[in-house]
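What follows is a short report on a single structure.
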Amino acid sequence: MRIIVMGCGRLGSELARYLQSDHHNVAVIDRDEDAFHRLGPRFQGKTIRGVGFDRDVLMAAGIENSDAFVAVTRGDNTNIVGALTAKRRFKVPKVIALIHDPHRALIYRRLGVPTVAPMAWGTHKFRELLLYPEYHPELTFGNGELELTRIMVPPRLWGRPVDTVVIPGQLEVVAITRLGTGFIPVPGTHFEQGDVARMVVSKEALAHLENLIREQ
Amino acid sequence: MYVVIAGGGNHGSYLAAQLQESHYEVLIIEKNQELVSRLKSEMRTQIIWGDACDPRLCEEAEMGRAGSVLALTGDDEDNLVISQLAKQEFKVETVVARINNPRNAWLFDQDWGIDIALDSPRIAAEAVAKFLAKKA
């Protein structure tokens, strides 16, 4: 893929190096020439000094032939303007923006620009680690709204139907590992001693899950 | 009509005073605290301190009932974002935005929710060029 990365800060430079090691064709834009040092001596992509939504800069970066544009500067507004320009004016197929303010992130998602809101994600992770040590999150979806988590099924649930813990829209049991074999529970499946259950849980239901595990 | 002006600098404050004189209801949003204090002491206009690019502040400013929003900050990105917010989220009928750097003029269009783009540097340049041409 031909990818343009706007912003060569810690995130942008890391992303650019990673993408290059995946053999993509990467061009990096930054206002500050010094920022390109973060790319390291082995970086082979193009670097363009300038403002990310300046027409000449974008042309120099090859926006007309790009497959993707990623806006990862420190400024939300710069990222929004860069991303929407790439999408609307240059019809770049894949455009993603880093937006720190979760309220703004929502608005720009509505315009069809997927956003990554690191603060929201980070806040969820910290809260989780502080408040819910009993279970093991494995994957998050979206910006932390959903999680795939793993628990040892507690004694109070042994023999109980899996359905009793399910909360539609908030908590689903997606897989059970029993004696080394994994299976998807069906209506009628009951928990057994030794089961490891994997659940997809919304952040609203985390407290409920915690209670489930802790209660005697 | 209720007019919200983003940016209390020279453009914003002057226009606010003019509009207020013509009996518009005006509110200025300015993010520099010192400037806000100064404006409060110098003008009768209502001023709130904050970032006009923040949707929550726009709610507070009751942007939804504004007939017009003027994005007059010294930052082109901010003006574009404010315009987009005003048009898309708050459905403001007339959105006016100031262009600081003529190199960015190509961006200031309907896609961003902008009804009128004010390219002050270009307008000034054209006026000066005309004036000098007459003298040449």
Side-chain angles (χ1 to χ4, degrees), chain A residues 4 6-7 9 29-32 48-61 63-64 69 71-92 95 97-113 115 117 119-120 143, chain B residues 6-7 9 29-32 48 50-64 69 71-92 95 97-115 117 119 121-122:
Chain A
I4 297 179
M6 178 174 82
I29 300 172
D30 199 289
R31 269 192 240 237
D32 177 14
I48 299 101
R49 197 197 76 80
V51 172
F53 48 81
D54 181 291
R55 186 159 41 183
D56 292 344
V57 168
L58 289 172
M59 293 299 220
I63 194 147
E64 288 176 313
F69 183 92
V72 288
T73 75
R74 269 177 312 192
D76 280 0
N77 289 348
T78 308
N79 292 338
I80 292 168
V81 174
L84 285 175
T85 302
K87 185 183 166 70
R88 298 197 288 217
R89 285 300 186 109
F90 294 100
K91 314 281 187 243
V92 177
V95 173
L98 175 70
I99 307 288
H100 297 88
D101 180 352
H103 301 271
R104 287 184 225 198
L106 200 60
I107 294 173
Y108 293 97
R109 248 174 256 154
R110 282 212 281 265
L111 280 169
V113 175
T115 58
M119 301 308 190
N143 277 305
Chain B
I29 302 175
E30 170 54 52
K31 67 181 179 186
N32 179 302
I48 58 177
D51 185 348
C53 302
D54 182 345
R56 285 165 302 174
L57 192 82
C58 296
E59 287 276 3
E60 224 183 279
E62 299 182 325
M63 204 176 262
V69 167
L72 305 177
T73 78
D75 217 315
D76 285 338
E77 290 124 271
D78 285 15
N79 291 341
L80 288 168
V81 170
I82 293 163
S83 300
Q84 180 87 79
L85 264 179
K87 192 60 99 176
Q88 181 198 325
E89 297 298 309
F90 296 94
K91 317 282 189 246
V92 175
V95 175
R98 166 185 165 195
I99 301 169
N100 287 280
N101 185 340
R103 286 181 69 102
N104 293 329
W106 69 295
L107 290 170
F108 283 69
D109 65 9
Q110 284 288 344
D111 279 346
W112 283 96
I114 297 168
D115 299 301
D119 191 344
R122 191 170 63 81

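Order of the sequence lines fixes the chain letters, A, B, ..., with proteins taken first and strands second; residue numbering starts at 1 for each chain.
- A distance of 7.5 Å separates SG in B:C53 from CD1 in A:I80, rounded to the nearest 0.5 Å.
- Both the backbone and the side chain of A:F53 come within less than 4.5 Å of a heavy atom of chain B.
- A salt bridge is defined here as a Lys NZ or Arg NE, NH1 or NH2 lying under 4.0 Å from an Asp or Glu carboxylate O, and B:D109 with A:R88 fails to meet this definition.
- Contact of A:D101 with chain B is made through the side chain alone, with heavy-atom distances under 4.5 Å.
- Within the model, atoms CD of B:E77 and CG of A:N79 stand 9.5 Å from one another, a figure rounded to the nearest 0.5 Å.
- Contact of B:L107 with chain A is made through backbone and side chain together, with heavy-atom distances under 4.5 Å.
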Self-check item: Steps toward side-chain contact (heavy atoms from CB on, under 4.5 Å) verdict (B:Q84, A:L84)
Solution: CA-CA 11 Å; B:Q84 180 87 79; A:L84 285 175; 3.6 Å; yes
Quiz item: Under the side-chain contact (heavy atoms from CB on, under 4.5 Å) criterion, do B:L85 and A:R104 qualify, and how do the steps go?
Solution: CA-CA 9 Å; B:L85 264 179; A:R104 287 184 225 198; over 6 Å; no
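- With a 4.5 angstrom heavy-atom cutoff, B:D51 touches chain A only via side-chain atoms.
- Both the backbone and the side chain of B:D78 have a heavy atom closer than 4.5 Å to some heavy atom of chain A.
- The line from CD1 of B:I82 to CG of A:N77 is 7.5 Å long, rounded to the nearest 0.5 Å.
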